[in-house]
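Notes for the one structure printed next.
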Amino acid sequence: MSAARRADEPLSAIFARLIATTGPISLQHYMGEANARYYAARDPLGGAGDFVTAPEISQMFGELIGLWLADMWLRAGRPAHVRYVELGPGRGTLARDALRAAGRAGLTPEVHLVEASAALRAVQKAALPQAQWHHDLASVPDDAPVLLVANEFLDALPVRQIVKAQDGWRERMVGHEDGRFVPVIGARPMDAAVPEAWRDAEPGTLIETCPGAAAAMSEVAGRLARHGGAALFIDYGHAEFRTGSTFQAVRAHSKVDPFVAPGEADLTALVDFATMADVAQAHGARWLGTTPQGEWLRALGIEARAAALAAHAPHQAAAVAAAKERLVSPDEMGALFKVMGLAAPDWPDGAGF
Ligand code: SAH
């Protein structure tokens, strides 16, 4: 089969053939390839897409992030050469809003965007013509302070699941039976991959880890420790470690079965912020805190910003109030979403933590 035809072939057919040939694949493999395919060719954001993110709900989100970064930079002594780095910038909306707000405070950093999707890079180019693009954080120069932002990036990275079976820990794999993908228990013992405290857990206990998120965290922390800076990771997740699967799929604004049509839905897992903070600190960063998004945005002054926007454009007052509610209400994004702040050891504390 030619390469062009293979690219058109549904991922489900490729997975089915692979599993028939070599046996079940790991959940990490399934999720990683499915999301690479999902993001490569489409812009999934917005009403006509699959999901809506905070920066697409209101400009207030990006603006308050930009002001947070500018405040850190000012109190760190306004280092002259500083880079704005964003992981998974989507449509570039957050970066555009953040940089506009930061610019008013005198912060005009070099802009580096880490984006794997060709389709989204094209959208970002229109919003941020001055930016430089990277496939990986590794190619972003590492010789100056960094102001890094990642919103709904970590949740898209593939997770590994390990389950306690009767006779020990096993990896959760994906098989293909009667034309459907199904979770199955792997044959290889995985006890060595399980932290000591969990070795004797009850059968059925499931531990989810995200090696890609841990790798990103250690890389960011190392950069903060070496050259200074601060970082914000915003995502849905929990502040304390929990067991159980959080693997899920969203398509056209509804939850769907993640084992149906891989590559056609956004596959995600909740972020384990406790482990992220541990990894960041182990690699030399200072953990500023992990706070529910609603509380953090209120501490940063979203009420005053909403009032100013409404006063400026009274016909939009109801829309601004509704958008603010969506971002901060505990029934919407305010409690499930968390904001985690990191900084270099000699940088100041962050507002809102
Ligand atoms: N931050 C944006 C978009 C969130 S969607 C917003 O809040 O609107 C997830 C983003 O991460 C997309 O831009 C997607 O293309 C990117 N992404 C997902 N996996 C990636 C990977 N492994 N490497 C780089 N970018 C990735």
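Note that ligands are numbered from 1 as they come in the structure, with each ligand's atoms numbered from 1 the same way. What's counted below: heavy atoms across the whole structure, side chains too, no hydrogens, waters or symmetry copies.
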- Message: Is it the case that over 12 heavy atoms from other parts of the model lie below 6.0 angstrom from the NE2 atom of His312?
- Response: no
- Query: Can you find an N or O of Gly90 that's nearer than 3.5 Å to an N or O of ligand 1?
  - Reply: yes
- Could you label the plane-to-plane angle of the His29 and Phe15 rings as parallel, tilted or perpendicular, counting under 30° as parallel and over 60° as perpendicular? perpendicular
- Note on the structure: The closest protein heavy-atom partner of atom 13 (O) of ligand 1 is Glu115 OE1, 2.6 Å
- Item | Contact atoms of ligand 1, heavy-atom distance to Thr53 under 4.0 Å | 6 (C), 7 (O), 8 (O)
- Query: Is it the case that more than 12 heavy atoms not belonging to Arg180 sit under 6.0 Å from its CZ atom?
  - Reply: no
- Task: State whether Glu115 and Lys125 are salt-bridged, where the test is any N-O pair (Lys NZ or Arg NE/NH1/NH2 against Asp/Glu carboxylate O) under 4.0 Å.
- Result: no
- Message: Counting non-hydrogen protein atoms only, what is the nearest one to atom 9 (C) of ligand 1? Give residue, atom name and distance.
- Response: Glu152 O, 3.3 Å
- Not counting sequence neighbours, which residues clear side-chain contact (heavy atoms from CB on, under 4.5 Å) with Pro109? List them please. Val82, Tyr84, Leu99, Leu107
- Task: Using a strict cut-off of 4.0 Å, indicate which atoms of ligand 1 neighbour a heavy atom of Leu157.
- Result: 22 (N)
- If we number the atoms of ligand 1 from 1 as shown, the ones under 4.0 Å from a heavy atom of Ala116 are 23 (N), 24 (C), 25 (N)
- Could a heavy atom of Leu94 be found less than 4.0 Å from some atom of ligand 1? no
- Item | Ligand-side contact atoms (ligand 1) for residue partner Pro55, heavy atom cut-off under 4.0 Å | 6 (C), 7 (O), 8 (O)
- Message: Give me the residue, atom name and distance of the protein heavy atom closest to atom 26 (C) of ligand 1.
- Response: Phe153 CE1, 3.6 Å
- Query: Do Lys338 and Trp296 meet the cation-pi criteria used here (NZ or CZ under 6.0 Å from the six-membered ring centre, within 45° of the axis)?
  - Reply: no
- Item | Sub-3.5 Å N/O-N/O distance, Gln124 and ligand 1 | no
- If we number the atoms of ligand 1 from 1 as shown, the ones under 4.0 Å from a heavy atom of Ser117 are 15 (O)
- the protein heavy atom lying closest to atom 7 (O) of ligand 1 turns out to be Asn151 ND2, 2.7 Å
- Members sharing Met340's hydrophobic cluster, built from side-chain contacts under 4.5 Å between Ile, Leu, Val, Met, Phe, Trp and Tyr, are Val85, Leu87, Val114, Leu137, Val140, Val146, Leu148, Phe153, Leu154, Leu157, Met217, Val220, Leu224, Phe233, Val271, Phe273, Met276, Val279, Trp287, Leu342
- Region of Leu120 that comes within reach of ligand 1 [heavy atoms, distance under 4.0 Å]: side chain
- Query: Which class fits the ring pair Phe247 and Phe259: parallel under 30°, tilted 30 to 60°, perpendicular over 60°?
  - Reply: perpendicular
